[in-house]
Amino acid sequence: MTRRPGRALLVPAILLLLATLDWSYVGTEQFVNALTIGAVYALIALGYTMVYGIIELINFAHGDVFMVGSFVTYWLLSSLGFNGTISDLPLLVVVLVGTFLAAMVVMGGIGVVIERFAYRPLRNAPRLAPLITAIGVSFILQNIIQIFFGPSPISAPQVIDVQARVNLGGVDVSVVKLFVIAVAFILMIALQTFVSRTRMGRAMRSTAIDRDAAQLMGVDINTTIAVTFFIGSALAGAAGVVQVLYLGTTNFQLGFQAGLKAFTSAVLGGIGNITGAALGGFLIGFIEVNSTVAGFSRWSEAIVFGILVLVLVFRPTGLLGQQLGERA
Amino acid sequence: MTATAGAAAPVASQAERPLLRLDDVHTFYVHVHALQGITLEVFPGEIVTLLGGNGAGKTTTLRTISGMIHPRSGTVHFGDDDITNVPAHKLVRRGVGHAPEGRRIFGRMTVLENLQMGAYTRSNKDELGADFERVFALFPRLRERSGQAGGTLSGGEQQMLAIGRALMTHPKLLLLDEPSMGLAPILVEQIFQVIRDIHAQGTTVLVVEQNALMALGVAHRGYILQTGRIVLQDTAANLRQNPEVQKAYLGG
């Protein structure tokens with residue numbers, strides 16, 4: 001929840017570094033893959049980090065919010081009668097904008113409801129109580145999806161042609177991946193601007209730092225926390241749309257895996273720090289793809305968590321974790 | 001020590017309605033009976049001080065006034081309004097500004113952002129500009145450091161920021177909780193001079209202090225708290241002369 005001048009530059013710098021490292025070895029296609037996977041992790045990780053930043057809760061249901069987002073996307077597209085690629089460009093744009101808006105608003109709303117009924121009553125309870133509740137919410141979401149969509153994986157319509165490619169400066173890149181990366185970056189820049197420049201963003205940051213002091217400034221804590229859940233869950237909803245566009249499949253257990261990776265991203269980057277969450281997401285994307293390219297695809301998770309452990313040994317607060325004391 | 005400055009005995013405005021009135025207020029922290037029937041008044045244009053030892057209930061009194069904690073019984077009135085159960089964030093708009101104990105500035109936000117947080121409830125651009133100028137005039141250091149993270153300021157500067165931030169709420173009543181705590185004597189003098197200035201600009205002040213000498217130097221009236229009860233109330237001049245007060249709080 002914090003903005004330190006100069007820190008924002010770290011992300012592009014590290015990405016650039018990774019780009020130069022990977023370019024010759026991994027190849028363009030894998031580089032784009034890493035960015036795409038990283039973008040999804042980053043979008044989900046933002047919700048973990050924002051919620052942790054403001055109420056110090058590890059929202060274990062957040063991965064499932066992403067999963068529900070993918071089902072909302074599937075349901076929306078299929079009930080509107082789309083079952084494959086849309087070749088009409090204006091229609092495609094309308095469908096994409098509409099799907100993102102709908103999924104984000106619906107998931108944002110669900111996030112607010114979860115906070116209101118599952119977490120707010122426990123706000124002053126011991127830390128463990130809301131944590132267990134979050135796990136409970138996770139099961140509830142998974143079971144609701146099973147009731148409506150069944151336990152088997154579902155193939156969802158990929159409205160962007162997955163075969164389509166564009167030539168970017170001599171490099172052939174998949175359109176859908178490019179689109180995913182662009183969407184993630186736009187959302188992250190929008191979030192960063194919102195948090196650092198607007199009145200509500202300041203309210204969120206001040207509440208994260210010192211809830212009592214924020215109240216004394218006239219900040220309505222309940223509204224601010226609800227807005228935080230809305231934004232975090234909406235971003236997970238956007239990641240759900242991306243899941244459908246990019247992979248064209250989803251299942252009710254999707255949230256666990258993705259949630260674990262995204263949570264790891266948030267911790268790696270420094271939980272509570274928005275830039276850190278984005279950075280962590282992309283880093284994990286790159287680590288996974290690199291280990292696959294190097295022939296260790298079965299080991300990719302062990303490598304991811306090994307690096308997490310290493311980073312935490314040397315920087316217990318994560319890469320961009322707070323160096324300044326919580327309270328001055 | 002300038003014991004005379006600002007101690008202009010009970011002000012004429014005592015004839016008016018009090019700006020703040022606590023009536024037999026009992027506040028609990030779960031089972032701890034922290035305030036055991038506090039009755040006090042602050043009139044418009046006054047500086048009133050609340051003295052007492054550790055655990056006497058000074059901070060709890062301020063937190064009860066600013067709505068951070070609600071009394072189990074008794075009433076709090078601000079002007080004509082009953083604010084006993086109004087939550088803190090709504091009281092800010094009504095004109096209660098609170099610089100809490102321990103400063104509680106937002107360490108990871110810049111000085112400017114801290115002041116903007118003080119102005120959180122306000123939208124009138126012209127008034128806001130004037131208030132920023134007022135705060136920067138009172139504390140020129142804050143202007144110099146406006147881009148710096150609050151947590152990097154020195155203790156004295158943080159206290160200035162805490163007071164400046166509370167002033168940005170444009171309070172009718174400013175609550176100050178131990179503004180001199182942990183500060184070097186020269187800074188303590190400065191902070192109390194600022195309290196006089198703020199008062200001279202038309203803000204009513206209720207200040208909680210351990211430093212009774214300084215507090216009674218600026219205040220018109222004072223209340224003395226002991227274990228959640230008011231044991232003495234008088235004009236600041238009389239309190240300074242009171243042998244018991246001298247013995248317990250003035251070191252002689």
Side-chain angles (χ1 to χ4, degrees), chain A residues 1-8 49-50 52-54 120 123-126 193-227 270-276 317 320-328, chain B residues 30 59 62-63 65-69 87-123 147-155 157-159 161-162 165-171 174-175 177:
Chain A
M1 287 265 131
T2 188
R3 182 179 65 103
R4 313 249 303 119
R7 279 259 174 96
T49 224
M50 289 171 74
Y52 183 85
I54 205 154
R120 192 184 296 179
R123 200 173 289 160
N124 297 315
T193 311
F194 177 79
V195 169
S196 62
R197 303 247 183 274
T198 66
R199 182 169 167 272
M200 182 43 93
R202 279 196 297 273
M204 285 165 60
R205 280 185 292 146
S206 65
T207 305
I209 298 170
D210 187 334
R211 201 184 294 170
D212 281 1
Q215 268 177 287
L216 290 177
M217 302 297 109
V219 175
D220 182 346
I221 301 301
N222 286 336
T223 307
T224 308
I225 293 175
V227 169
I271 195 148
N273 183 310
I274 286 176
T275 318
T317 53
L320 300 186
Q322 294 314 321
Q323 301 301 301
L324 272 175
E326 269 293 295
R327 281 175 196 150
Chain B
V30 196
T59 295
L62 290 196
R63 286 172 61 85
I65 296 167
S66 67
M68 293 300 292
I69 183 167
H89 70 268
K90 289 192 177 154
L91 284 179
V92 178
R93 282 175 207 274
R94 299 200 193 187
V96 179
H98 187 166
E101 186 183 25
R103 303 163 197 145
R104 306 288 283 267
I105 60 160
F106 303 114
R108 285 182 263 128
M109 295 168 83
T110 66
V111 168
L112 186 66
E113 285 176 328
N114 268 276
L115 294 176
Q116 284 171 331
M117 281 313 299
Y120 181 76
T121 56
R122 306 177 54 205
S123 49
Q148 215 168 303
T152 64
L153 300 183
S154 72
E157 289 165 346
Q158 289 192 7
Q159 187 60 61
L161 182 55
R165 189 180 66 173
L167 281 179
M168 289 305 296
T169 66
H170 204 84
L174 177 63
L175 308 174
D177 199 340

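Note on naming: letters A, B, ... go to the chains in the order of the sequence lines (proteins, then strands), and numbering restarts at 1 for each one. The structure displayed is predicted, hence computed values, not measured ones.
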Residue from I54(A), V195(A), T224(A) passing side-chain contact (heavy atoms from CB on, under 4.5 Å) with R205(A): V195(A)

Cation-pi geometry met for R202(A) and F106(B) (6.0 Å, 45°): no

For D212(A), all residues meeting side chain to side chain donor-acceptor pair (under 3.5 Å), sequence neighbours excluded: none

Contacting moiety of M117(B), where chain A heavy atoms sit under 4.5 Å: both

Residue part contacting chain A, namely of R103(B), when any heavy atom lies under 4.5 Å: neither

Sub-4.5 Å side-chain heavy-atom contact between I221(A) and R123(A): yes

Greatest number of heavy atom pairs closer than 4.5 Å to chain A - which of Q116(B), R122(B), H98(B): Q116(B)

